[in-house]
Amino acid sequence: MRIIAGKYRRRKLHVNPGQTTRPITDFVKEVLFEWLGETVQEKRVADIYAGTGSLGLEALSRGASSVVFMEQDRKAHELLKRNVESIGAEDKTLCWKTNALLSSFRPKNVPEFVPFDLVFFDPPYKMLDDLKPGSRLYESLERLARETVSSDDCHLILRAPRDAEFECPSVWEKYDLLQKSSMDIHFMKKQAGQNS
C-alpha cells in the first residue's frame with residue numbers, strides 16, 4: 001500500500017494484516033482520485049472509518065488543506081498515527097480515536113479543520129446492512145450533515161459492497177457511482193437547505 005500521486009507520492013503505508021480494515025487497492029484508489037480530480041484541492045477532509053489512513057493521506061498528498069482521521073480500532077489507529085508521522089504531516093492532520101456511530105464529528109482544538117468539504121465514509125461492510133432510517137449509522141450521517149460539521153456543498157464518498165442496498169438521509173443526494181472489483185463507490189453531495 002502506498003500513496004500514489006502528489007506531494008507524498010510513492011511513500012509506503014503501514015497496513016493492518018488481513019481484512020480487518022479492508023484497505024482499498026492502489027488501483028481502485030488511483031481510479032477514485034482521478035475521478036475526483038481537483039475536488040480535493042484546498043479542501044478540509046474527514047476520513048471516517050479511516051483504517052490506516054490511505055484515502056485521507058492520498059487526499060492530503062493531492063492538495064487537501066487538512067484531514068481529520070476517525071478510527072476506533074486500536075491497532076489501526078496506532079498504524080494510522082505512524083503513517084502520518086512517517087510522512088511528516090502532523091500539522092495538517094488529526095488522528096482521532098472515536099466511535100463514528102456516537103461521534104459529534106466536531107474535533108476539539110482544530111477549528112480550522114471544520115466544517116468538512118469532502119468526507120470519505122467507509123464503514124465495515126456488514127454495518128451497511130443496517131443503513132436505514134432510525135439506525136445509528138443513519139443518524140451518524142444526519143449528524144455529519146449539520147452545518148457546523150460539513151460545508152453547504154460537501155461531497156460524501158461512501159464505499160460499499162457491489163450492489164448493496166441501503167438508504168442514506170435525503171440531505172445526501174447521490175450523483176454518481178463507480179463500480180470496481182467487488183465494490184461500489186457512491187458519490188453524494190449535501191443538499192443546500194436540508195442540513196440540520
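Because the structure is predicted, anything quoted here is derived from the model rather than measured.
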Among Asn83, Val84, Val68, find the residue that satisfies the side chain to side chain contact (heavy atoms under 4.5 Å, CB included) test when tested with Cys95.
Val84

Tell me, please, which residues at least two apart from Asp130 pass side chain to side chain donor-acceptor pair (under 3.5 Å).
none

Going by heavy atoms in the side chains, are [X] and [Y] under 4.5 Å from each other?
{"X": "Leu55", "Y": "Ile157", "answer": "no"}
{"X": "Val45", "Y": "Val40", "answer": "no"}
{"X": "Leu13", "Y": "Ser54", "answer": "yes"}
{"X": "Leu158", "Y": "Ile185", "answer": "no"}
{"X": "Tyr125", "Y": "Arg159", "answer": "yes"}
{"X": "Gln72", "Y": "Thr98", "answer": "no"}
{"X": "Glu142", "Y": "Val171", "answer": "no"}

ring-ring contact (aromatic ring centres under 6.0 Å, His included) involving [X] - partner list, sequence neighbours excluded:
{"X": "Phe33", "result": "Phe120"}
{"X": "Phe166", "result": "His186"}
{"X": "His77", "result": "none"}
{"X": "Phe113", "result": "none"}

Please work out which of the three classes, parallel, tilted or perpendicular, describes the rings of Tyr175 and Phe187, given edges at 30° and 60°.
tilted

Residue from Lys43, Arg44, Lys190 passing side chain to side chain donor-acceptor pair (under 3.5 Å) with Asp117:
Arg44

Gln41: which residues meet the side chain to side chain contact (heavy atoms under 4.5 Å, CB included) condition with it, sequence neighbours left out?
Glu38

Closest non-hydrogen atom pair, [X] against [Y]:
{"X": "Met1", "Y": "Val15", "answer": "CB-CG1, 3.5 Å"}
{"X": "Phe105", "Y": "Ala100", "answer": "CZ-O, 3.4 Å"}
{"X": "Cys154", "Y": "Val119", "answer": "SG-CG2, 3.8 Å"}
{"X": "Ser170", "Y": "Tyr138", "answer": "N-OH, 4.4 Å"}

Side-chain ([X]) to main-chain ([Y]) donor-acceptor, under 3.5 angstrom:
{"X": "Thr52", "Y": "His14", "value": "yes"}
{"X": "Ser151", "Y": "Phe116", "value": "yes"}
{"X": "Arg10", "Y": "Ile4", "value": "no"}

Audit row: Arg2, Asp26, salt bridge (charged side-chain N to carboxylate O under 4.0 Å, His left out) steps and yes/no
CA-CA 7 Å; Arg2 63 191 172 92; Asp26 286 348; 3.3 Å; yes

Counting neighbours of NZ on Lys81 that are heavy atoms of other residues, nucleotides or ligands and sit closer than 6.0 Å, is the number greater than 12?
no

Please determine if Arg62 and Glu58 form a salt bridge, counting it only when a charged side-chain N lies under 4.0 Å from a carboxylate O.
yes

I'd like to know if Arg74 pairs up with Glu78 as an ion pair, taking the criterion as any Lys NZ or Arg NE/NH1/NH2 lying under 4.0 Å from an Asp or Glu carboxylate oxygen.
yes

